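Everything below concerns the one structure shown next.
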Amino acid sequence: PPGYYSTRHKVLVLWRSRRFLQIFLHESQHALLRSAFPNPPKWINEGLSECFEGISLDQESLVVQPQGPRLRKLKRHLSPDLGEQILEVLWMGDRSFVEQANDRGLDSYTRGWALVYFLWSQPEGPRRLGELLRGLQSGQRAVDVLEQQHPGGLSQLKEDLLQFYTSLELPVESRERVSAGADEPRP
């Protein structure tokens, strides 16, 4: 890999690459999260890191852009049960998450990114993500926190995820790649 965060040594290791900044942001998020939450569920740890890859500064505020390859993959798998497919990540343990990382369908990294990106994009999103992390850290299940936190609970969250990703536009340069399957995201 072009970089990683060593939890044992608490150090970022990066090699030069054309994606250096994105990898730095991704791996830095692992370091930040693990400094406060030593063993977060893999889906939220990777979902947040994937979102961090798309952070930019826009006139004094942080903007999180959708990750093109992940969004293209979601667009190729749009179906009435997309929200349910995304939420399946909540029931994956770390081992299952890793096993499904290379799934040719909707892989675990794409599901984790999709849920975190959606939550981050909502009004009060960063605050709600903080509440979710605090709940997870205190031993609550993510499904219970989201059931209480999301208006209408998990059933509405499934519908909102489908509507959000159905209406979210691909970046212009990415639209022609959807059906071709170009630029598969890395696990």
Side-chain angles (χ1 to χ4, degrees), residues 1-5 12-37 40-78 82-83 85-87 89-90 97 100-103 106-133 142 146 157 160-178 180-187:
Y4 65 92
Y5 172 66
L12 289 175
V13 178
L14 302 169
W15 289 265
R16 280 191 206 169
S17 84
R18 63 183 176 78
R19 297 187 62 242
F20 181 85
L21 181 59
Q22 289 91 353
I23 294 164
F24 172 76
L25 292 169
H26 179 112
E27 299 304 333
S28 294
Q29 187 289 137
H30 287 308
L32 288 169
L33 181 59
R34 285 180 176 268
S35 71
F37 190 176
K42 202 148 185 72
W43 70 266
I44 198 159
N45 191 11
E46 292 299 337
L48 281 167
S49 291
E50 295 286 325
C51 284
F52 266 57
E53 288 185 31
I55 285 181
S56 62
L57 190 60
D58 182 28
Q59 296 181 353
E60 299 182 26
S61 65
L62 287 178
V63 177
V64 179
Q65 298 295 327
Q67 201 190 84
R70 300 256 177 241
L71 183 55
R72 284 192 295 277
K73 190 167 207 178
L74 278 171
K75 291 290 192 180
R76 284 195 309 276
H77 290 88
L78 279 177
L82 179 70
Q85 289 183 55
I86 291 169
L87 290 182
V89 77
L90 298 174
F97 185 93
Q100 295 183 39
N102 294 314
D103 188 324
L106 208 52
D107 66 271
S108 55
Y109 280 77
T110 299
R111 292 172 197 223
W113 168 81
L115 180 54
V116 172
Y117 182 74
F118 169 81
L119 294 171
W120 197 323
S121 300
Q122 301 308 297
E124 302 289 317
R127 183 186 60 76
R128 286 180 149 181
L129 275 168
E131 290 172 0
L132 175 59
L133 285 167
L146 290 171
L157 179 55
D160 292 346
L161 283 161
L162 174 60
Q163 182 179 5
F164 180 78
Y165 285 110
T166 299
S167 64
L168 188 62
E169 291 289 325
L170 286 166
V172 173
E173 67 276 2
S174 300
R175 291 183 187 151
E176 65 276 1
R177 296 179 176 173
V178 172
D183 291 339
E184 282 295 311
R186 62 175 178 74

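Below, each value reflects all heavy atoms present in this structure, side chains not excepted, and no hydrogens, waters or symmetry copies. Predicted model, so just to flag it, every value in this text is computed and none were measured.
- Judged as a side-chain hydrogen bond (donor to acceptor under 3.5 Å, both in side chains), and not counting sequence neighbours, the contacts of Asp160 are His150, Gln156.
- Residues Leu74 and Tyr117 have side chains not in contact (no heavy-atom distance under 4.5 Å, counting atoms from C-beta outward).
- In this structure, Leu25 CG and Ile55 CD1 are separated by 6.5 Å, a value rounded to the nearest 0.5 Å.
- By the 30° and 60° cut-offs, the orientation of the rings of Phe164 relative to Phe118 is perpendicular.
- Taking 4.5 Å as the limit, some side-chain heavy atom of Leu115 sits within range of a side-chain heavy atom of Leu90.
- Atoms CG and CG, on Leu157 and Leu119 in that order, are 6.5 Å from each other to the nearest 0.5 Å.
- Here the shortest heavy-atom pairing between Asp103 and Leu106 reads OD1-N, 4.2 Å.
- Nearest heavy-atom pair across Glu27 and Gly3 is OE2-O, 3.6 Å.
- With respect to Val116, the side-chain contact (heavy atoms from CB on, under 4.5 Å) criterion is satisfied by exactly one of Asn45, Ile44, Val64, Val89: Ile44.
- With values rounded to the nearest 0.5 angstrom, Leu170 atom CG is found 7.0 Å from Arg72 atom CZ.
- What you find for Trp113 and Gln67 is that their closest heavy atoms are CZ2-N, 3.4 Å.
- The two atoms that bring Ile86 and Ala114 nearest to each other are CD1-CB, 3.8 Å, heavy atoms only.
- Taking the side chain to side chain contact (heavy atoms under 4.5 Å, CB included) definition, one finds that Glu131 meets it with Arg127, Arg128, Arg134, Gln149, sequence neighbours left out.
- Remark: Gln100 pairs with Met92, Ser96, Ser108 by the side chain to side chain contact (heavy atoms under 4.5 Å, CB included) rule, at least two apart or across chains.
- Side-chain N or O atoms of Tyr165 include none that pairs as donor or acceptor with a backbone N or O of Leu82 at under 3.5 Å.
- Leu133 CG to Phe37 CZ: the interatomic distance, rounded to the nearest 0.5 Å, is 6.5 Å.
- Shortest non-hydrogen contact noted between Glu50 and Arg70 is OE1-NE, 3.2 Å.
- Interatomic distance, Lys73 NZ to Leu71 CG, rounded to the nearest 0.5 Å: 13.0 Å.
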Next item on the list: Start with the C-alpha distance between Phe52 and Leu33, add both sets of side-chain angles, then the distance that settles side chain to side chain contact (heavy atoms under 4.5 Å, CB included), and finish with yes or no.
Entry: CA-CA 12 Å; Phe52 266 57; Leu33 181 59; over 6 Å; no
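- Rounded to the nearest 0.5 angstrom, Glu53 CD and Phe24 CZ are separated by 13.0 Å.
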Margin query: As a quick check of understanding, evaluate side chain to side chain contact (heavy atoms under 4.5 Å, CB included) for Leu48 and Leu32, giving each step before the final call.
Written below: CA-CA 11 Å; Leu48 281 167; Leu32 288 169; over 6 Å; no
